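Written below as C-alpha cells is the structure these notes are about.
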Amino acid sequence: MFLNLSNMKIGIVVDNNYYGDIRVRKTVDVFLEMNHDVFVLCYKFLDASDQETHCDKRVVFEKINISRRYKNFLFFFYHLLPFHKRLWKNKVSKFIDKYDLDIIFANDLYMSKSSYLGIVNSGKYIPMVLDLHENYP
C-alpha cells in the first residue's frame with residue numbers, strides 16, 4: 001500500500017482542548033502549509049468560554065463535549081478501568097469513517113492504543129503516526 005503524500009486528509013487525535021495545546025496547533029499549521037486537509041478530534045470543555053476565536057477556518061473539528069472534572073476522572077483511572085480507552089477507540093473509529101481519513105496523527109503515548117484500536121475498528125487500516133511530546137526513555 002502506497003500513500004499519496006500530496007493533499008492528504010490528516011486526522012489529529014488529541015486528548016485535550018485544541019486551544020490549550022500549542023504543540024498541536026503548531027503541528028496543524030505545518031500540515032496546512034503543506035496544503036493537507038486537517039481534521040481534529042479533541043475535547044471541548046463545558047466550562048471553557050470563547051475558545052474558538054483563534055480558529056483557522058480550514059481546520060475541521062470533531063469535539064467531544066466533556067467537563068474538565070470528568071476528563072480528569074477518566075484519565076486518573078486510565079490504567080485501571082477501560083472507560084477512557086473505549087471512549088477514544090469508538091470516537092476515533094467514527095472519526096475515520098465520517099471524514100474518510102488517509103492517516104491518523106495521535107498525540108502522546110497513552111493515546112496510541114486507543115487510536116490504533118479505532119483504526120482497526122473502522123476497518124480501514126490506515127497508517128498511524130505517534131507524536132511523542134513527552135521525553136520517555
Side-chain angles (χ1 to χ4, degrees):
M1 173 174 152
F2 293 99
L3 258 175
N4 180 3
L5 298 178
S6 62
N7 198 23
M8 292 192 313
K9 289 182 177 180
I10 300 174
I12 297 178
V13 178
V14 58
D15 177 27
N16 203 350
N17 176 329
Y18 173 76
Y19 301 97
D21 199 332
I22 188 69
R23 306 164 303 170
V24 175
R25 292 197 328 250
K26 287 182 179 183
T27 302
V28 168
D29 289 342
V30 169
F31 289 146
L32 290 174
E33 286 174 14
M34 297 170 68
N35 292 321
H36 294 301
D37 298 326
V38 180
F39 304 83
V40 179
L41 176 62
C42 62
Y43 283 135
K44 178 180 181 197
F45 296 125
L46 300 175
D47 56 347
S49 61
D50 201 29
Q51 57 183 338
E52 297 190 22
T53 56
H54 304 291
C55 174
D56 189 313
K57 299 298 182 199
R58 298 178 297 164
V59 179
V60 176
F61 290 97
E62 186 78 19
K63 295 187 178 181
I64 301 168
N65 293 320
I66 193 168
S67 71
R68 287 181 204 266
R69 185 177 178 154
Y70 188 65
K71 183 249 184 194
N72 291 336
F73 172 80
L74 287 175
F75 187 74
F76 179 78
F77 288 106
Y78 175 77
H79 292 291
L80 299 174
L81 303 171
F83 302 126
H84 190 270
K85 291 178 196 141
R86 192 175 302 143
L87 167 81
W88 280 97
K89 177 191 83 160
N90 293 334
K91 293 291 184 179
V92 169
S93 178
K94 291 175 185 175
F95 183 56
I96 292 167
D97 290 339
K98 182 175 182 178
Y99 296 107
D100 193 29
L101 300 174
D102 298 317
I103 191 167
I104 287 291
F105 194 87
N107 287 277
D108 300 321
L109 182 62
Y110 63 92
M111 291 300 293
S112 62
K113 186 172 185 178
S114 301
S115 297
Y116 173 75
L117 292 174
I119 292 169
V120 170
N121 197 38
S122 74
K124 298 215 175 179
Y125 301 105
I126 60 176
M128 179 180 80
V129 175
L130 180 58
D131 190 351
L132 299 177
H133 301 292
E134 301 87 359
N135 186 16
Y136 286 115

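Only a predicted model underlies this, so the values are computations on that prediction, with no experimental measurement involved.
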Inset, instruction - Mind running side-chain contact (heavy atoms from CB on, under 4.5 Å) on Tyr18 and Val28 for me, showing each step along the way? - result: CA-CA 10 Å; Tyr18 173 76; Val28 168; 3.7 Å; yes
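Atom CZ of residue Arg68 and atom CG of residue Asn16 lie 8.0 Å apart, to the nearest 0.5 angstrom.
In this structure, Tyr19 and Phe61 have tilted ring planes: the angle between them lies in the 30° to 60° band.
Members clustered with Met34: Val30, by chain and number, using a 4.5 Å side-chain heavy-atom cutoff among hydrophobic residues.
A distance-only check finds no donor-acceptor pair linking the side chain of Asn121 to the backbone of Leu117 [under 3.5 Å]. Not one N or O on the side chain of His84 forms a donor-acceptor pair closer than 3.5 Å with the backbone of Phe75.
Atom NZ of Lys91 has 12 or fewer neighbouring heavy atoms from other residues, nucleotides or ligands inside a 6.0 Å radius. No more than 12 heavy atoms of other residues, nucleotides or ligands lie within 6.0 Å of OH in Tyr116, so this atom counts as exposed by the packing criterion. Applying the 6.0 Å contact sphere to NZ of Lys94 captures no more than 12 heavy atoms from other residues, nucleotides or ligands.
Considering only heavy atoms from C-beta on, Tyr70 stays 4.5 Å or farther from Leu46 through its side chain. In this structure, Phe39 and Glu62 have side chains that are not in contact, with every pair of non-hydrogen atoms separated by 4.5 Å or more. Looking only at side-chain heavy atoms (C-beta outward), Asp21 and Asn107 stay at 4.5 Å or farther from each other. For the pair Ile64 and Trp88, the minimum side-chain heavy-atom distance is below 4.5 Å. In this structure, Ser112 and Met128 have side chains that are in contact, with non-hydrogen atoms separated by less than 4.5 Å. Here the side chains of Phe45 and Ile66 are in contact, with some heavy-atom distance below 4.5 Å. The shortest distance between side-chain heavy atoms of Ile10 and Asp102 does not fall below 4.5 Å.
By the side chain to side chain donor-acceptor pair (under 3.5 Å) test, Asp100 is found to be paired with Lys124, residues two or more places apart in sequence or in another chain being considered. Here Phe77 pairs with Phe73 under the ring-ring contact (aromatic ring centres under 6.0 Å, His included) rule; sequence neighbours left out.
Between Phe95 and Leu41 the shortest heavy-atom distance is CZ-N, 3.6 Å. Residue Val13 comes nearest to Ile104 through the heavy atom pair CG2-CG2, 4.0 Å, listed as atom of the first residue, atom of the second, then distance. Between His36 and Met8, the closest heavy-atom pair is ND1-N, 2.9 Å. What you find for Pro127 and Ile119 is that their closest heavy atoms are O-CD1, 4.4 Å. Taking both residues in full, the closest heavy atoms of Leu130 and Asp108 are given as CD1-O, 3.4 Å, listed atom of the first, atom of the second, then distance.
Side chains of Asp15 and Tyr110: a donor-acceptor N/O pair is present below 3.5 angstrom, by distance only.
Residue Ile22 is not grouped with residue Met111 when hydrophobic side chains (ILVMFWY) are merged at heavy-atom distances under 4.5 angstrom, including chains of intermediate members.
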